[in-house]
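Just so you know, these numbers use all the heavy atoms, side chains as well, and skip hydrogens, waters and symmetry mates.
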Amino acid sequence: MLQIIRDRMSGPLVWGIIGFLVLLFAVWGIGAQSFLGGGSAPTLAKVGSTEITQPEFQNAFNRSYQRLAQMAGNNFDPSQINLSALREDVFNGLVRNAVIDQYAIKKGYEVSDRELYEFLKTIPAFQTNGSFSAKTYRYVLSRNGLAPATYEGHLRNALRSEQLQFAVMGTSFVVPKQTAMNWVILHQQRDFESVIFDPITYRQQIHPSAKTIKAYYEKHKDHYFEPEAIKLAYVELNQSDLSPTKRPRKTVLKAIYDQQKNDRFRVAAERKASQILIRFGNDPKEAHRKIQSIASRIEKGASFSSLAKKYSQDPISSTKGGVVGWIKQGSDSSTFEKAVFSLKKIGQVSSPIKTSTGWHLIRLDEIRPEHTLPFKNPMVQHALIKTYDSRVAAKNFHNDQKKLSELTFEHPGSLDPVAKALGLHIRSTGWITRDKASGIANHHDVLAAAFSKDVLQNGNNSKPIAIGPGDLVVIRKAELKPKKQLTLAEVAGQIREKLIDENAVKEANKSAHFLMKAVQHGVPFKKACKTDNLTPSAHEAVTRSDEKLPSALVETAFRLPKPAKGQPSVGLSRLPGGKFAVIVLTAVHNASLKSANVKDPKYVALGKQLNSNLENLEFDSYWNFMATQIGIQVKQAPGSVTAPVPG
């Protein structure tokens, strides 16, 4: 079963396992557990016999947040992340996985030690030079504060759940006829004519009276006001400001070096090589005969470099006597690299080596053995200091974060105590409203807290709010401008434009319906258009994926029934900008099954997509059944969480 899973490597749980490792080992400079804190662990939900705790949720949230940050790269903007929505997604994911895991156990799914080991060997984080290394495995787990037994237990659970998922989804399939029918439908073409009614052409006919404007104002008075606005005072705790100011002691850096040198500062072996390449061309046998002839001449004492210049078909290395340059072990695991590192002595020439390019003769020119950069190396020193600074900053941030929460809670009516205790500056924002904000208030959770009852009405400090990786703020109300009713004189112009716009759309809609009704009652489309001085547009061989026409127009055209003899097929489409279109379908051209090439990549992709849709649909349905069998009790919503910081 696990071999099938490895071959597929498409299940979300499998990628979740590997993604977890890559993210954890690449991002955190210290053990993940150090961020979870101590003390009690409130239970957020009980799924069967499993409890989902706040620390577990915090850890999952950290990984999801960092994944978003890594995907965005340099364009990452924390203010664009809706933390509330992210919390909900992470929480639902934990519940979902807990249901799957327990149901898999209930149904007797198991992962043997051998299967677990075989899967471990495929994880890049545990490999050295392309192969699984027990030493690297133990080191990576130790560096991240994970015991092998704990990690293997989580991995076993995830693989067991993936077995269950595959057992359900693997039974779904789409028969060839379904793919063919969908292909025909997707490649159908339609001819139709259309007339678009634009509200702009009706605006000049509409003149709202002062009486109408006043009546509208009185009826919608609550829509016209200057919104409530607030200025915030806040303190900000940022991990980047907490790095140590003093250079660490040599013994501290040496301890870090000793811990990481075999992994972080190890330099792979390198070999300098030269080659003679004979490409296959149109006659592979002739290429093989030619390389053997050159090899024979080298064995008899001919100059490798001279033969490379004369015969090698590599345009770059041949001009340099065949010199390829330095090759690092494990850089690509190619046949060429393996051949280079199989040579034992400098000057040794390989037997003919076959690659996808052609036949090669390879000579070993120089050797640089694998080595570890010394402690005093300037690059090593820089890296060690950076690691030390990051660890200290993370530790300081963790400690100050606790103080920030405590002091904010103990002194809810002022930011002075927390600012003084942590050496923070009290800053302020400009005026912000529920719909318009800038700076830290542009962050979703900050804006929500600013207009919460506790901050706005009770005048208390907010809880610490994460606005980015290692970046927390606490806000409070500084000034408040209450909601103000706008007068008729102030908004009369807005109302006039609104009434003109609304009535112009109504007129466009009325005209479109009038034309459609006329065609439905037997008036030829072109004649009806001519009567009203309208110019229809003709569209031929339009496909469902057409990108030139408005999508709403195409969708309506493909919803209309095929025109029957003497019965027009006419419809109405609402377009962006308040426009309306009347569409008359004139012809339907069905795609022929003969035109479908089952080997066409697009045809194959369609079949896979249909099958994937069916798999997901069936598993979602089965998950609902599993949830009723296991049982879910949500005890409380996830609390405020902070985003992780790379170290």
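Taken to the nearest 0.5 Å, the OG1 atom of Thr387 stands 3.0 Å off from the CZ atom of Arg264. In this structure, the separation between OG1 on Thr355 and CD on Glu337 is 13.5 Å, given to the nearest 0.5 Å. With rounding to the nearest 0.5 angstrom, the CZ atom of Phe126 is 6.5 Å from the CG atom of Leu120. In this structure, the separation between CG on Asn59 and OG1 on Thr53 is 9.5 Å, given to the nearest 0.5 Å. Note: Ile346 CD1 to Ile367 CD1 = 5.0 Å, rounded to the nearest 0.5 Å. Rounding to the nearest 0.5 Å gives a distance of 11.0 Å between OH of Tyr65 and CZ of Arg87.
Using a 4.0 Å cut-off between a side-chain N of Lys or Arg and a carboxylate O of Asp or Glu, Arg96 and Asp620 qualify as a salt bridge. Salt bridge status for Glu286 with Lys290: absent, with no side-chain N to carboxylate O gap under 4.0 Å.
Note: His288 and Trp359 have parallel aromatic rings, judged against thresholds of 30 and 60 degrees for the angle between ring planes.
Checking side-chain atoms of Arg271 against main-chain N and O of Leu343 turns up a donor-acceptor pair under 3.5 Å. Not one N or O on the side chain of Ser318 forms a donor-acceptor pair closer than 3.5 Å with the backbone of Gln313. Formation of a donor-acceptor pair under 3.5 Å by the Gln127 side chain with backbone atoms of Lys121 is found in this model. Using a distance-only test at 3.5 Å, with no hydrogens or angles considered, a donor-acceptor pair links the side chain of Thr171 to the main chain of Val168. Distance alone, capped at 3.5 Å, is enough to place a donor-acceptor pair between the Ser342 side chain and the Ala339 backbone. Remark: the backbone N or O of Gln292 is not paired with any side-chain donor or acceptor of Ser296 at under 3.5 angstrom. Remark: side-chain polar atoms of Ser293 are not paired, donor with acceptor, to backbone N or O of Arg289 under 3.5 angstrom. Side chain of Ser312 to main chain of Gly322: no donor-acceptor pair is present (N/O by atom type, distance under 3.5 Å, no hydrogens or angles). Judged purely by atom type and a 3.5 angstrom limit, Ser405 uses its side chain to pair as donor or acceptor with the backbone of Gln401. The backbone N or O of Ala60 sits less than 3.5 Å from a side-chain atom of Ser64, completing a donor-acceptor pair.
Using a 4.5 Å heavy-atom cutoff, the side chains of Thr128 and Lys135 are not in contact. By the 4.5 Å heavy-atom criterion applied to side chains, Ser84 and Asp445 are counted as neighbours. The shortest side-chain heavy-atom distance between Arg368 and Val267 does not fall under the 4.5 Å cut-off. At least one side-chain heavy atom of Ser305 sits less than 4.5 Å from a side-chain heavy atom of Arg363. Using a 4.5 Å heavy-atom cutoff, the side chains of Met169 and Glu618 are not in contact. Between Asp101 and Thr50, the closest side-chain pair of non-hydrogen atoms is not below 4.5 Å. Residues Val90 and Phe57 meet the side-chain proximity criterion, which asks for heavy atoms closer than 4.5 Å. Taking 4.5 Å as the limit, some side-chain heavy atom of Leu44 sits within range of a side-chain heavy atom of Gln54.
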message: Run Arg156 and Glu152 through salt bridge (charged side-chain N to carboxylate O under 4.0 Å, His left out) and show every step you take.
response: CA-CA 6 Å; Arg156 194 185 299 273; Glu152 289 166 14; 5.4 Å; no
- prompt: Passes side chain to side chain contact (heavy atoms under 4.5 Å, CB included), Ser317 versus Val323? Steps please.
  reply: CA-CA 5 Å; Ser317 65; Val323 176; 5.9 Å; no
message: Please evaluate residues Leu242 and Leu237 with respect to the criterion side chain to side chain contact (heavy atoms under 4.5 Å, CB included), reporting the C-alpha separation (whole Å), side-chain torsions for both, the decisive distance (0.1 Å), and the verdict.
response: CA-CA 9 Å; Leu242 301 175; Leu237 179 66; 4.1 Å; yes
field: Verdict with reasoning, Leu159 to Gln163, per side chain to side chain contact (heavy atoms under 4.5 Å, CB included)
entry: CA-CA 6 Å; Leu159 290 173; Gln163 285 186 5; 5.8 Å; no
- prompt: Do Lys395 and Arg391 pass the side chain to side chain contact (heavy atoms under 4.5 Å, CB included) test, and can you show the C-alpha distance, the side-chain angles, and the key distance before you say yes or no?
  reply: CA-CA 6 Å; Lys395 182 178 179 180; Arg391 291 186 177 186; over 6 Å; no
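Counted within 6.0 Å of NZ on Lys250, heavy atoms from surrounding residues, nucleotides or ligands total 12 or fewer; the atom is thus considered open. Surrounding NZ of Lys46 are at most 12 heavy atoms belonging to other residues, nucleotides or ligands under 6.0 Å away. For NE2 of His154, the number of neighbouring non-hydrogen atoms (other residues, nucleotides, ligands) closer than 6.0 Å is 12 at most. The environment of NZ in Lys354 is sparse: at most 12 heavy-atom neighbours from other residues, nucleotides or ligands sit within 6.0 Å. Within a 6.0 Å radius of CG in Asp258, more than 12 heavy atoms belonging to other residues, nucleotides or ligands are found.
Minimum interatomic distance between Gln102 and Ser49 (heavy atoms only, all atoms of both residues): OE1-N, 3.0 Å. The two residues Asn377 and Met379 make their nearest non-hydrogen contact at OD1-N, 2.8 Å. Nearest heavy atoms, Phe304 versus Gly321: CD2-O, 4.4 Å. Contact detail for Glu51 and Glu56: the closest heavy-atom pair is O-OE1, 3.6 Å. Pairing each heavy atom of Pro244 with each of Asp389, the nearest pair is CG-OD1, 3.2 Å. Summarising the geometry of Ala167 relative to Tyr109, their closest heavy-atom pair is CB-OH, 3.4 Å, with the distance given to 0.1 Å.
Applying side chain to side chain contact (heavy atoms under 4.5 Å, CB included) to Ile278 and the options Ile294, Thr357, Asp314, Leu361 leaves one that passes, Ile294. Just one residue in the list Ile100, Leu94, Ile630 forms a side chain to side chain contact (heavy atoms under 4.5 Å, CB included) with Val47, and that residue is Ile630. Among Lys608, Gln609, Glu615, the one residue that satisfies the side-chain hydrogen bond (donor to acceptor under 3.5 Å, both in side chains) test with Asn611 is Glu615.
When only modelled atom types and interatomic distance are considered, Tyr151 and Tyr137 share no side-chain donor-acceptor pair under 3.5 Å. Side-chain atoms of Asn238 and Ser240 form a donor-acceptor pair, as typed in the model, at a separation below 3.5 Å.
Outside the 6.0 Å centre-distance limit, the rings of Phe619 and Tyr622 are not counted as a close aromatic pair.
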